[in-house]
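Data first, discussion second: the structure below is written as structure tokens.
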Amino acid sequence: MSNLSNDLSTLGQAAANFIASKHRMLIGGEREFADSGETLPVYDPSSGEEIGRVPSAGASDVDRAVIAARAAFERDDWANLTPVKRERLMLKLADLLEINAQEFSELESVNSGRGLVNARLFDVDLSVDYLRYMAGWATKIHGKTVGISAPYMPDSNFFAYTTREPIGVVAAITPWNVPLGQAIWKLSPVLATGCTVVLKPAEQTPLTALRFADLIEEAGIPKGVINIITGYGYSAGAAMVEHPDIDKISFTGSTEIGKGIGVVAAQNFKKCTLELGGKSPVIVLEDADLQSAIPGAAWAIFGNHGQNCCAGSRLFVHHTIYEKVLEGVADIAKNLKVGPGLDPETEMGPLVSKKQQKRVMSYINSALAQGATIVAGGEAIEGPGSYVQPTVISDVDDSMTVCQEEIFGPVLVVMPFSDVDEVVKRANATKYGLGASLWTKNISQVHRLLPKLKAGITWVNTHNVLDLAVPFGGVKDSGVGAELSEEAINHHTQIKSTIIQI
Ligand code: NAI
Ligand code: MG
């Protein structure tokens, strides 16, 4: 124990009881252990202490889950449900999550290391909203009628239309940065469109998905529609991706793993959406309102500890205001209150694991070795927790590893620029293309520069704002396809064309 460790006695009774319970997966409506009997450890990253064990699924468990999902997809009690009945089930699920919001926030905070308020907003409240938003889509999925000519059949008349059919069995694999939030991003369009799913949360953060399995049963979602398995990526995850009876893979995680998944999907002609890494630029022009740009740039990187796929990890500042912005962001970094997630005073918790702490530190050390300057932070905090200080680095050049690779931690590089066209080229000069923000009052510059930024989402005078109604996806190595909004419906349905001779 150290003063950076969570005090688990402050947990509510419900969360404490769940943590102490025997954790089982959800397969075909039954609560199951892994066939092998194997389990994997779950930690509280503020203390490094094991807080439980969950099943470690292997290929046979994945097979059972896919068989259950396939059977449910083909069963009348799901396929024949009217859209409004699917909508009602989703609304029930949303209500149940809302009722248990405090418990879910505590579980997520303890397991992922993030602050209670953060977990509440992004894992719980936004998930309730997304379930409700997608519930609305269940009754609004439709095709078009099409007037056709078929000139080579001049004596015939036709009626033609399109329909959108559910794609089938989805394999959903999620990361640890916003664990329940990411799971709900995957589950909601599945339910709205009438697909079925096998979900595997990240091995580091499986608790909220397993607790959510209780709500799925309580809401009365038919057995096998949602199956939740826990396990490592290299075993359970790989078996899901390679399973021949999966129709679509929906993955969020690293570019490295996503690339491999994309290859397997392409070889088997599976539909595939990939939400991968980023190295998103934040560009502050000479005329920007620094009152909002300075905290905005700090929030862009330090929000969720930098464990955020569109984290603003590269800050480009016009040279005339460079010193002022650098100093302002560094001041915020130095004053952030670092501590355990359950402490209400905490502004930044530990990273998700010791492994992630080491990984982030190796990036900071590589920058130092290449001659960069640490302006704030720069160190891991000694002790059993996986803390890294909020870090601001200057005197870097674009080619350094620290400026090119996704760090996924609270590490910002700050660089001056003098020419706006040149800075756009530099902003685009990584393999990623997820987010980008521009800070300026100059409307002409906004419209001139935004189309040149290669990113799936661009912001002006803000960063990291996502909305359920706005598509979210990346270009280049940041991914394929999009989540949220009507796009998620399109990615879970297959268009069918029908032509009737009349
Ligand atoms: P990862 O990509 O290995 O893990 C993400 C998910 O994929 C987990 O559920 C994991 O079990 C699963 N997985 C891993 N290997 C798999 C395989 N061969 N087949 C199928 N599923 C597999 O990410 P990891 O190792 O946890 O983090 C490493 C780095 O990845 C981070 O430092 C960060 O840069 C990046 N990352 C990016 C995320 C994003 O949202 N863009 C989320 C998580 C990680
Ligand atoms: Mg990995």
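Side chains included, hydrogens not; waters and symmetry mates left out as well; all remaining heavy atoms used. In listed order, ligands and their atoms are each counted from 1.
When non-hydrogen atoms are compared, ligand 1 lies under 4.0 Å from neither the backbone nor the side chain of N308. Contacts between T255 and ligand 1 below 4.0 angstrom, taking non-hydrogen atoms only, are absent altogether. Residue Q204 touches ligand 1 through its side chain alone, judged by heavy-atom distances below 4.0 Å. With a 4.0 Å cut-off on non-hydrogen atoms, Q356 touches ligand 1 through its side chain and not its backbone.
For F316 and W439, the gap between ring centers reaches or exceeds 6.0 Å. For an aromatic pair to be called close, the ring centres must be under 6.0 Å apart, and H23 with F18 satisfies this.
Against a heavy-atom cut-off of under 4.0 Å, E203 is close to the following atoms of ligand 1: 8 (C), 10 (C), 11 (O).
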- Message: Please determine whether salt bridge (Lys or Arg N to Asp or Glu O under 4.0 Å) holds for the pair K279 and D477, giving the CA-CA distance in whole Å, both sets of side-chain angles, and the decisive distance to 0.1 Å.
- Response: CA-CA 10 Å; K279 194 72 185 171; D477 286 16; over 6 Å; no

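Not a single heavy atom of E405 sits under 4.0 Å from any atom of ligand 1. At least one heavy atom of A238 sits closer than 4.0 Å to an atom of ligand 1.
Heavy-atom proximity to atom 5 (C) of ligand 1, evaluated over I257, T205, V352, T252, is greatest for T252. Of the candidates Y363, F251, Y432, the one placing a heavy atom closest to atom 7 (O) of ligand 1 is F251.
The pair E50-R53 meets the salt-bridge criterion, since a charged nitrogen lies less than 4.0 angstrom from a carboxylate oxygen. A salt bridge is absent between R24 and E30: the closest approach of a Lys/Arg side-chain nitrogen to an acidic carboxylate oxygen does not fall below 4.0 angstrom.
Here the protein heavy atom with the shortest distance to atom 2 (O) of ligand 1 is S254 OG, 2.7 Å. Nearest protein heavy-atom neighbour of atom 40 (O) of ligand 1: C309 CB, 3.4 Å. Distance from atom 24 (P) of ligand 1 to its nearest protein heavy atom, with residue and atom name: W176 NE1, 3.8 Å. Nearest non-hydrogen protein atom to atom 18 (N) of ligand 1 is G233 O, 3.9 Å.
Distances from atom 36 (N) of ligand 1 to the protein include at least one heavy-atom value under 4.0 Å.
Checked by atom type and distance alone, the side chain of K354 pairs as donor or acceptor with a backbone atom of G385 at under 3.5 Å.
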